[in-house]
Amino acid sequence: MICDDATEMVAAARIADKLFDRERIRREAVQRWSAARMADDYLRLYRTAHLEERVAEEDQADTAAEG
């Protein structure tokens with residue numbers, strides 16, 4: 001919520017529990033920032049980088065063999 005002053009912030013805090021589903025927010029947070037999710041993302045990045053490196057090496061080898 002965006003508030004213009006402290007009074008609006010207090011009012012927003014009073015109704016926040018009615019506006020937000022705390023269980024859904026927790027599930028989303030666990031999914032987004034869990035160690036397992038982050039590790040999976042890093043592994044995916046490393047695999048992609050490794051694959052790109054291998055493709056580049058193969059392209060260099062093909063170029064050297066042709067030329």
In a table with atom names and distances, give each donor-acceptor pair under 3.5 Å that connects a side chain of residues 5-21 to protein atoms at least two apart or in another chain.
residue, atom, partner, partner atom, Å
Asp5, OD1, Thr7, N, 3.1
Asp5, OD1, Glu8, N, 2.8
Glu8, OE1, Asp4, N, 2.8
Asp21, OD1, Glu23, N, 3.2
Asp21, OD1, Arg24, N, 3.3

Quiz item: What closest approach, in Å, do Arg37 and Gln31 show between heavy atoms, and which atom pair accounts for it?
Solution: CG-O, 3.1 Å

Quiz item: If you measure from CG on Asp40 to CG on Leu45, what distance do you get to the nearest 0.5 Å?
Solution: 11.0 Å

Quiz prompt | Residues in side chain to side chain donor-acceptor pair (under 3.5 Å) contact with Arg27, at least two apart in sequence or another chain | solution = none

Quiz prompt | Rounded distance [0.5 Å steps], CD in Glu53 versus NE2 in His50 | solution = 7.0 Å

Quiz item: Between Arg44 and Asp41, is any pair of side-chain heavy atoms under 4.5 Å apart?
Solution: yes

